[in-house]
There are 2 protein chains.
Amino acid sequence: MPSPHPQNTRERILLTAIGLFADCGYAGVSMRDIATAVGISPPALYNHFANKEALYREAVSTAFADKSARLLQALRNDVPALTQLHDFVHGMTRELDEDDRFRRLLQRELLDADAQRLTFLGRFIFDEVQQPFMALLKSLRPQADAFLLSEMIFGMVKQHYELQPIHPHTTAGIDAHRSAVQIADAVLAVLRPYFSGD
Amino acid sequence: MPSPHPQNTRERILLTAIGLFADCGYAGVSMRDIATAVGISPPALYNHFANKEALYREAVSTAFADKSARLLQALRNDVPALTQLHDFVHGMTRELDEDDRFRRLLQRELLDADAQRLTFLGRFIFDEVQQPFMALLKSLRPQADAFLLSEMIFGMVKQHYELQPIHPHTTAGIDAHRSAVQIADAVLAVLRPYFSGD
DNA sequence: GTAAAGTGAATTAACGTTCGTTAATTATGG
DNA sequence: CCATAATTAACGAACGTTAATTCACTTTAC
């Protein structure tokens, strides 16, 4: 018995695949896994995607869609630079907090992606956010290495989420849960003296 | 014709497997891949390791061996705290710079490891370094959240290496190569005002 | 208005390949 | 001579994918 609403099967496949690929990686997920999770038979996937590689690429693109736009919302030029920095850092923690699949997919892409997928990632995700962010940092501290600085700030924000799986297995991390606001505030507490200095 | 020096076949397997697992992940590497890279037949692997899982665990353990000890060398209590911080940050960048397989394996473990492997990682790698590092940070700034701070500093150091694959595909990262010393100095430049303040 | 034809998405069955692994055997070094 | 480590052959399972078919719904024809 075919689905009564076949028109959104494609979206259900993509949403399911995003979660599975984020959890287990490209090689760790089979077409049968995806089909079973969606509730259809494996060959039905090929009515919507040419092959596994195409399905994976579309899943990644979907997961990354709007992310850069949402991050850029904080970089509105009509507020003070320090306020922009504050909003941007809080925006980053909020995005990472709300959708962990995005971060896991990103980490996997940085480890596994071929040149073509890296180009997509760099051109349409990274460039769009990093360029205006670097401009903001340059305005706050002209003599700084804005490139390294932008990377380091992203690393500060991201690291806590990256280490979350290991927190229950370390003595320091047993009660390590911090809210997105706490993390953003801790990052800004480190950054503020640096940007306020000469 | 068997190898004339079978006693070090095991080590050759481990060294080869570390590189392959770091590059392609657990599911992305087959026993045939490893055997071919070593130059032996696939069943010969089972003379040295019970199965793929055991070989993987031993490869990870080997890759992580001595890492914590090497990092702890910088935390000698007979030098000023700020000097310890300086040496530790430079030590971290040096370790990441010299052996990229370590970082890639670590990233993959944080994404893929089960509870047992996470326990090994947390107990024998993280705890050993993070506890003394947190004590150092607490001595430098008692009112700080030393746990978050230790994570953020590690994130600052690590991020540049994590993003290296994407640098050729971003406009900001085209000529992005920085030496280990440059990265450590940039991190310390951000941290110093924070630890010098009230 | 209803039957025929067509379309798209689902199914089951099955293909060739690769996977991790075992069995049986052979050769080597102490 | 015996333990160790290598080999070739092969097993069953899972892999990505294709083929053939069925089913439901839409469009067309009379």
Side-chain angles (χ1 to χ4, degrees), chain A residues 1-62 105 108-109 112-114 116-117, chain B residues 1-62 105 108-109 112-114 116-117:
Chain A
M1 57 188 128
S3 166
H5 301 299
Q7 60 275 15
N8 56 9
T9 298
R10 185 186 163 90
E11 302 166 29
R12 283 170 47 225
I13 294 172
L14 280 177
L15 214 64
T16 304
I18 288 171
L20 287 174
F21 283 134
D23 284 343
C24 309
Y26 180 81
V29 176
S30 73
M31 294 298 264
R32 284 169 177 81
D33 291 336
I34 299 170
T36 301
V38 175
I40 59 178
S41 64
L45 297 173
Y46 292 84
N47 287 323
H48 305 275
F49 305 93
N51 49 44
K52 186 184 179 184
E53 176 83 16
L55 166 53
Y56 177 77
R57 268 210 295 271
E58 197 132 354
V60 170
S61 300
T62 301
L105 268 184
R108 292 194 184 279
E109 280 296 279
D112 293 330
D114 56 26
Q116 182 185 358
R117 298 210 310 263
Chain B
M1 56 188 132
S3 166
H5 301 298
Q7 60 275 14
N8 56 10
T9 297
R10 184 185 163 91
E11 301 167 30
R12 282 170 46 225
I13 294 172
L14 280 177
L15 214 63
T16 305
I18 287 172
L20 288 174
F21 283 134
D23 284 342
C24 308
Y26 180 80
V29 176
S30 73
M31 296 296 266
R32 284 168 177 82
D33 291 336
I34 299 170
T36 301
V38 175
I40 60 178
S41 64
L45 297 172
Y46 292 83
N47 287 323
H48 305 275
F49 305 95
N51 49 44
K52 186 185 179 183
E53 176 83 15
L55 166 54
Y56 177 76
R57 268 210 295 271
E58 197 133 353
V60 170
S61 300
T62 301
L105 268 184
R108 291 193 185 278
E109 280 295 280
D112 293 330
D114 56 26
Q116 181 184 0
R117 298 209 308 264

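Numbers restart at 1 for each chain; the letters A, B, ... are given by sequence-line order, proteins then strands.
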*Inter-residue atom distance B:R10.CZ - B:E58.CD, 0.5 Å rounding*: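 B:R10 atom CZ to B:E58 atom CD measures 4.0 Å (nearest 0.5 Å).
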*Spacing of B:I18 atom CD1 and B:Y56 atom OH [to the nearest 0.5 Å]*: 11.0 Å
Please report, rounded to the nearest Å, how far the [atom2] atom of [N] is from the [atom1] atom of [X].
X	N	atom1	atom2	answer
A:I34	D:dT17	CD1	P	10 Å
B:N47	D:dA5	CG	P	6 Å
B:L45	D:dA5	CG	P	13 Å
B:I40	C:dA27	CD1	P	19 Å
A:Y56	D:dG16	OH	P	14 Å

*Using modelled atom types only, decide if a donor and an acceptor are shared between the side chain of B:K52 and the backbone of B:A27 within a distance under 3.5 Å.*
no
*asked:* Looking at every heavy atom in both A:L45 and A:M31, which two are closest together, and how far apart are they?
replied: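 For A:L45 and A:M31, the tightest heavy-atom pair comes out as CD1-O, 3.3 Å.
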_Presence of A:S41 side-chain N/O under 4.0 Å of C:dA10 phosphate oxygens OP1/OP2_ = no
_A:H48 side chain near C:dA10 phosphate (N/O to OP1/OP2, under 4.0 Å)_ =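 For A:H48, the contact criterion (side-chain N or O under 4.0 Å from OP1 or OP2 of C:dA10) is met.
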*Who passes ring pair (Phe, Tyr, Trp, His ring centres under 6.0 Å) against A:Y46, sequence neighbours left out?*
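A:Y46 satisfies ring pair (Phe, Tyr, Trp, His ring centres under 6.0 Å) with no residue once adjacent residues are dropped.
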*Contact state string [nucleotides 17-22 of chain C, B base, S sugar-phosphate only, - no protein heavy atom under 4.0 Å]*: --BBBB
*What residue pairs, at least two apart or across chains, pass side chain to side chain donor-acceptor pair (under 3.5 Å) with a residue in residues 30-39 of chain B?*
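Residue pairs with at least one partner in residues 30-39 of chain B: B:S30-B:D33.
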